[in-house]
There are 2 protein chains.
Amino acid sequence: MNQPIRQLSQDSAVFSISDLAREFDITTRTIRFYEDKGLLSPQRSGQKRIYNRSDRTRLKLVLRGKRLGFALADIRRMIELYDEPGGEAKQLTLMLGQLNSNRQLLLMQREDLELQLKEFDDIELRCQKRLKQLSNDA
Amino acid sequence: MNQPIRQLSQDSAVFSISDLAREFDITTRTIRFYEDKGLLSPQRSGQKRIYNRSDRTRLKLVLRGKRLGFALADIRRMIELYDEPGGEAKQLTLMLGQLNSNRQLLLMQREDLELQLKEFDDIELRCQKRLKQLSNDA
DNA sequence: GTTTATGTTGACGTTAACGTTAACTTAGGC
DNA sequence: GCCTAAGTTAACGTTAACGTCAACATAAAC
């Protein structure tokens, strides 16, 4: 049970909970917690959870969402956008709205990010200047 | 006391705690909390806090840091980088290290962000496609 | 001089996202 | 058949970032 559970072919790869935990450097508790929140729903073999490639991808999306500062509930909705290409027109329009509002958040975040990077550049320049000054004084 | 406390000239502008709370849409409790954590240190007139332009800028930086997902303790260190242009060579080198590690975080975040934006574009395209399909079926 | 708005300092409450522990099951290795 | 590694559920604990409330001060407005 130290190796990935099974690996019959390329696409039917299957992972245990601790496989994923190791790969993404999180705890199994975290993965189960995400399942509790409706972000994952792996197959079961008896009691044990069995994850496929799609589950793994979802987990990746969750972790990226987290890194971007979204709450788990938001991430859930974003993932739902992801895997439902169907639905009625009304539903689709609603999805588009959700999506655009999330996009706006990211765009604002990008602005913050670029500003902060520029300020880091400024600080660095001033530090370098000061360092040269000090080495000249010596 | 409904107007900004005083406004003698352009640069000596001064704000009350609720001026800032209103401007940035946060509570006074939040501002006091940030002071507790060492992120702000306004003047006092008796008991009351008095904020100047520099305090206001610091608060802005704090809020941007938060939006970028940094913890308050990290933000504190980043701000300290900001207003100490001096110090010894050893200290400056240390600052540069801090700064570069923070920069790396932001660069990784930018990658996540661009990826997510691309995926949003994908989802939108698929939604639009599906909508056209539905309108054609009618 | 008393209401009213704004301010203050504690101190306890809350929420999200897990950590930690306990008590138990299950599948293989020897 | 027993041990160990990995898994399970359930429940309580923890931390950061505030919210909320009490009890009080102060200054302007009437």
Side-chain angles (χ1 to χ4, degrees), chain A residues 1-7 14-52 55 58-79 105, chain B residues 1-7 14-52 55 58-79 105:
Chain A
M1 257 198 176
N2 295 331
Q3 310 301 326
I5 289 183
R6 232 185 282 176
Q7 196 126 1
V14 150
F15 313 91
S16 78
I17 192 170
S18 46
D19 290 337
L20 294 184
R22 261 190 301 276
E23 176 171 3
F24 296 112
D25 196 30
I26 55 183
T27 68
T28 58
R29 173 72 178 91
T30 300
I31 297 179
R32 275 190 287 265
F33 182 76
Y34 291 163
E35 181 173 342
D36 243 47
K37 296 294 166 181
L39 296 168
L40 297 172
S41 40
Q43 294 291 110
R44 295 280 182 145
S45 157
Q47 285 230 91
K48 303 199 173 170
R49 294 163 171 85
I50 297 194
Y51 301 85
N52 59 26
D55 295 322
R58 285 177 79 99
L59 179 52
K60 237 191 232 178
L61 291 176
V62 170
L63 295 176
R64 189 168 69 203
K66 281 233 62 187
R67 289 196 303 269
L68 288 173
F70 289 103
L72 293 185
D74 300 340
I75 294 176
R76 182 185 174 170
R77 263 173 274 134
M78 289 173 40
I79 290 187
L105 285 178
Chain B
M1 255 200 176
N2 296 330
Q3 310 302 326
I5 290 184
R6 232 184 281 178
Q7 196 127 2
V14 149
F15 314 89
S16 76
I17 191 168
S18 47
D19 290 337
L20 294 185
R22 260 190 301 277
E23 177 173 2
F24 296 111
D25 196 30
I26 55 183
T27 69
T28 60
R29 172 71 178 94
T30 298
I31 297 179
R32 276 190 286 266
F33 182 77
Y34 290 164
E35 181 174 344
D36 243 48
K37 296 293 165 180
L39 295 168
L40 298 171
S41 40
Q43 295 291 110
R44 295 278 183 147
S45 157
Q47 287 228 91
K48 301 196 176 173
R49 294 162 171 86
I50 297 195
Y51 302 84
N52 59 26
D55 294 322
R58 285 177 78 97
L59 180 52
K60 237 190 230 177
L61 291 178
V62 171
L63 295 176
R64 189 169 68 202
K66 281 231 63 188
R67 290 197 302 270
L68 289 173
F70 288 104
L72 293 185
D74 300 341
I75 294 176
R76 183 183 175 174
R77 264 172 273 135
M78 288 173 40
I79 289 187
L105 285 178

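The structure presented is a predicted model; accordingly, all values stated were derived computationally and were not measured. Protein chains get the first letters and strands the later ones, always in sequence-line order, with residue 1 at the start of each.
Going from atom CZ of A:Phe33 over to atom C1' of C:dT20 covers 14 Å, rounded to whole Å. Atom NZ in A:Lys37 sits roughly 8 Å away from atom C1' in C:dA16 (whole-Å rounding). The distance from atom CZ of A:Phe70 to atom C1' of C:dA17 is 17 Å, rounded to the nearest whole Å. A:Glu35 has its CD atom 13 Å from the P atom of D:dG7, to the nearest Å. Remark: P of C:dA16 and CZ of A:Arg76 are 14 Å apart, rounded to the nearest angstrom. Distance CD (A:Gln47) to C1' (C:dC24): 10 Å, rounded to an integer number of Å. Atom C1' of nucleotide D:dT26 and atom CD1 of B:Ile50 are separated by 14 Å, given to the nearest angstrom. In this structure, the CD1 atom of A:Ile75 is 14 Å from the P atom of C:dA16, given to the nearest Å.
Residue B:Lys66 places at least one side-chain N or O closer than 4.0 Å to OP1 or OP2 of D:dC18. One finds no side-chain N or O of A:Thr30 lying less than 4.0 angstrom from the OP1 or OP2 phosphate oxygen of C:dA17. Taking side-chain N and O atoms only, A:Ser16 has no distance below 4.0 Å to OP1 or OP2 of D:dA6.
With C:dT8, D:dC18, D:dT9 as the candidates, the nucleotide lying closest to the side chain of B:Arg32 is C:dT8. Checking C:dA17, D:dC18, C:dT9 against every side-chain atom of B:Tyr34, the shortest atom distance belongs to D:dC18. For B:Arg49, whose side chain is taken as the heavy atoms from C-beta onward, the closest listed nucleotide among C:dT6, C:dT8, C:dA17 is C:dT8. Considering only side-chain atoms of A:Ile17, the nucleotide from C:dG7, D:dG7, D:dT9 that sits closest is D:dG7. The side chain of B:Thr27 approaches D:dG19 more closely than any other nucleotide in the set C:dA27, D:dG19, C:dT8.
Between the A:Ser18 side chain and the A:Ala21 main chain, no donor and acceptor come within less than 3.5 Å of each other.
Residue A:Ala71 is classed as a sugar-phosphate contact, given heavy-atom separations below 4.0 Å to backbone atoms only.
A salt bridge is absent between B:Arg58 and B:Asp55; no separation between the charged side-chain nitrogens and carboxylate oxygens falls under 4.0 Å. Salt bridge absent: A:Arg22 and A:Asp25 never bring a charged side-chain N and a carboxylate O closer than 4.0 Å.
Between A:Leu40 and A:Glu35, the shortest heavy-atom contact is O-CG, 3.5 Å. Nearest approach of B:Phe33 to B:Leu72, heavy atoms of both residues: CE2-CD1, 3.5 Å.
The nearest heavy atom of DNA chain D to A:Tyr51 and to A:Arg29 marks one nucleotide each, and the one closer to the 5' end goes with A:Tyr51.
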